[in-house]
Amino acid sequence: MNFQEKYDEYKQRREAKKFFNQNNDYHLSVSDYIRMFIVGTVIAIFLTISFDFLSMKIGWSFSYFDILTGYFTGSVVLKIARYGSEKVGIISAVCYLLGTLFTPILTYYIFWNQSVSLTAAIQLALGQFSNLFSLVFIAIGAMIAYTTSKRSYFFVSNRNSK
């Protein structure tokens with residue numbers, strides 16, 4: 001076997017391994033799923049608070065920050081999972097939505113040092129979804145989080161093999 005044949009065989013094994021890892025979720029342990037869920041939700045909450053604070057300082061409210069939050073949440077969850085899949089995409093979308101849902105409650109509690117009753121917490125959380133325009137951008141952000149963490153390295157390897 002010459003060097004070219006060995007390299008082609010190595011490349012085929014690497015592609016097969018990536019394809020296998022993309023289509024089989026059981027290589028992730030329960031602790032990986034828990035870590036993805038917790039870290040993804042914390043990142044989504046932190047980014048939403050940061051972008052809300054930035055919007056408050058600028059004086060404009062940018063709904064594009066919802067898209068950026070979805071992208072970064074999906075990227076972080078993908079880094080933890082190492083390979084994208086359907087389940088990883090769903091976890092990142094759920095983390096994004098939970099982060100978006102709980103951010104008003106946390107900012108109310110942290111910045112104003114007031115406890116929140118259950119009805120007030122529900123009203124604060126649903127206030128995020130009251131505007132159709134913001135609801136569309138939240139849905140787009142969830143879709144971006146899903147597709148970012150679902151796509152994996154498979155697309156990167158296809159671009160490099162051409």
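Numbering of residues begins at 1 and proceeds along the displayed sequence.
Note: Tyr10 and Tyr7 have tilted aromatic rings, judged against thresholds of 30 and 60 degrees for the angle between ring planes.
Phe65 pairs by the ring-ring contact (aromatic ring centres under 6.0 Å, His included) definition with Phe51, Phe62, not counting sequence neighbours. Under the rule for a side-chain hydrogen bond (donor to acceptor under 3.5 Å, both in side chains), the partners of Ser92 that lie at least two apart in sequence or sit in another chain are Ser149.
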Which is it for Leu98 and Phe37 under the side chain to side chain contact (heavy atoms under 4.5 Å, CB included) test, yes or no, and what are the steps along the way? CA-CA 10 Å; Leu98 285 176; Phe37 185 75; 3.5 Å; yes
Which donor-acceptor pairs under 3.5 Å do side chains of residues 135-146 form with protein atoms, sequence neighbours excluded?
residue : atom : partner : partner atom : Å
Tyr146  : OH   : Glu86   : OE1          : 3.4
Tyr146  : OH   : Glu86   : OE2          : 2.5

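Annotation for Thr148 and Gly74: closest pair CG2-C, 3.9 Å, computed over non-hydrogen atoms. In plain terms, the two heavy atoms of Gly40 and Val77 that are nearest each other are CA-CG2, 4.0 Å. Residues Met36 and Ala81 come closest through the heavy atom pair SD-CB, 3.4 Å.
Grouping the Ile, Leu, Val, Met, Phe, Trp and Tyr side chains by contacts below 4.5 angstrom, directly or via other members, places Val42 apart from Ile91. Follow the hydrophobic side-chain contacts under 4.5 Å out from Leu68 and you reach Leu54 in the same cluster. Both Leu47 and Ile58 belong to a single network of hydrophobic side chains, linked directly or stepwise wherever heavy atoms of I, L, V, M, F, W or Y lie under 4.5 Å apart. Each of Val88 and Ile34 belongs to its own hydrophobic cluster when Ile, Leu, Val, Met, Phe, Trp and Tyr are linked at side-chain heavy-atom distances under 4.5 angstrom.
Atom OG of residue Ser85 and atom CG of residue Leu78 lie 9.5 Å apart, to the nearest 0.5 angstrom. From Tyr71, atom OH reaches atom OG1 of Thr147 across 10.0 Å, with rounding to the nearest 0.5 Å. One distance of note links CD1 of Ile80 with CD1 of Ile43; it measures 8.0 Å at 0.5 Å rounding.
Side-chain contact annotation: Gln12 with Asp8, donor-acceptor N/O pair under 3.5 Å absent.
In this structure, Thr103 and Asp52 have side chains that are in contact, with non-hydrogen atoms separated by less than 4.5 Å.
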